[in-house]
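Structure, as structure tokens:
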Amino acid sequence: MNDIRYQHRSLDVACELGAADSPGRAAEWRRLREQAGLGAISIPGGARLWLRPTAADVARDLVRREAACCGFLDLELATDGDRLHLDVTSPAPGAGPVISSLTGVDPR
């Protein structure tokens, strides 16, 4: 798998995803954590999810779509030994609750 990285475009904590689409996207993040998650930790500026490598395509697609609607996030998906890590971070003040909702980790 090729590593991917999306850097924030703004410090404005605003999501461009429509309100009708938000519950479905939240469910996708939960499914990713439940079906492919190997653990999660707080890291500086956010959280890291450890994922099974079989989730690479699903994670890559979800990260791409999240980067498109939440321009205040930094997202990195990378191979790390025999697993993947997905870092969700942001320099934006107030991004913590969003990061927590995506990763299930309180980034404080």
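What's counted below: heavy atoms across the whole structure, side chains too, no hydrogens, waters or symmetry copies. All values reported here derive from a predicted model rather than from experimental measurement. Numbering starts at 1 and runs along the sequence shown.
Between F72 and I99 the shortest side-chain heavy-atom distance does not fall below 4.5 Å. Looking at heavy atoms from C-beta onward, T89 lies out of side-chain contact with L73 at the 4.5 angstrom threshold. Between P91 and L11, the closest side-chain pair of non-hydrogen atoms falls below 4.5 Å. A heavy-atom distance below 4.5 Å is not found between the side chains of R5 and L75.
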Under 3.5 Å, side-chain donor or acceptor atoms of residues 51-63 against the rest of the protein: list the pairs with distances, not counting sequence neighbours.
{"residue": "R52", "atom": "NH1", "partner": "Q35", "partner atom": "O", "Å": "3.2"}
{"residue": "D57", "atom": "OD1", "partner": "R60", "partner atom": "NH1", "Å": "2.9"}
{"residue": "D61", "atom": "OD1", "partner": "R64", "partner atom": "NH2", "Å": "2.6"}
{"residue": "D61", "atom": "OD2", "partner": "R65", "partner atom": "NE", "Å": "3.0"}
{"residue": "D61", "atom": "OD2", "partner": "R65", "partner atom": "NH2", "Å": "3.2"}

Give every donor-acceptor pair under 3.5 Å between a side-chain atom in residues 16-23 and any protein atom, sequence neighbours left out.
{"residue": "S22", "atom": "OG", "partner": "G18", "partner atom": "O", "Å": "3.4"}

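A distance of 11.0 Å separates OG of S42 from CZ of R48, quoted to the nearest 0.5 Å. The distance from the CZ atom of R30 to the OG atom of S101 is 9.5 Å, given to the nearest 0.5 Å.
Under the rule for a salt bridge (charged side-chain N to carboxylate O under 4.0 Å, His left out), D74 has no partner lying at least two apart in sequence or in another chain. Residues that satisfy the salt bridge (charged side-chain N to carboxylate O under 4.0 Å, His left out) test with R33, not counting sequence neighbours, are absent from this structure.
Through side-chain heavy atoms spaced under 4.5 Å, either directly or across other Ile, Leu, Val, Met, Phe, Trp or Tyr residues, V105 is tied to no other residue. Clustering of Ile, Leu, Val, Met, Phe, Trp and Tyr by side-chain heavy atoms under 4.5 Å joins W50 with L38, I41, I43.
Side-chain atoms of D87 never come within 3.5 Å of backbone atoms of L77 as a donor-acceptor pair (strictly under, hydrogens ignored).
Closest approach of R9 and A68 over heavy atoms only: NH2-O, 3.4 Å. Of all the heavy atoms in W29 and L86, the pair that sits closest is CZ3-CD2, 3.7 Å.
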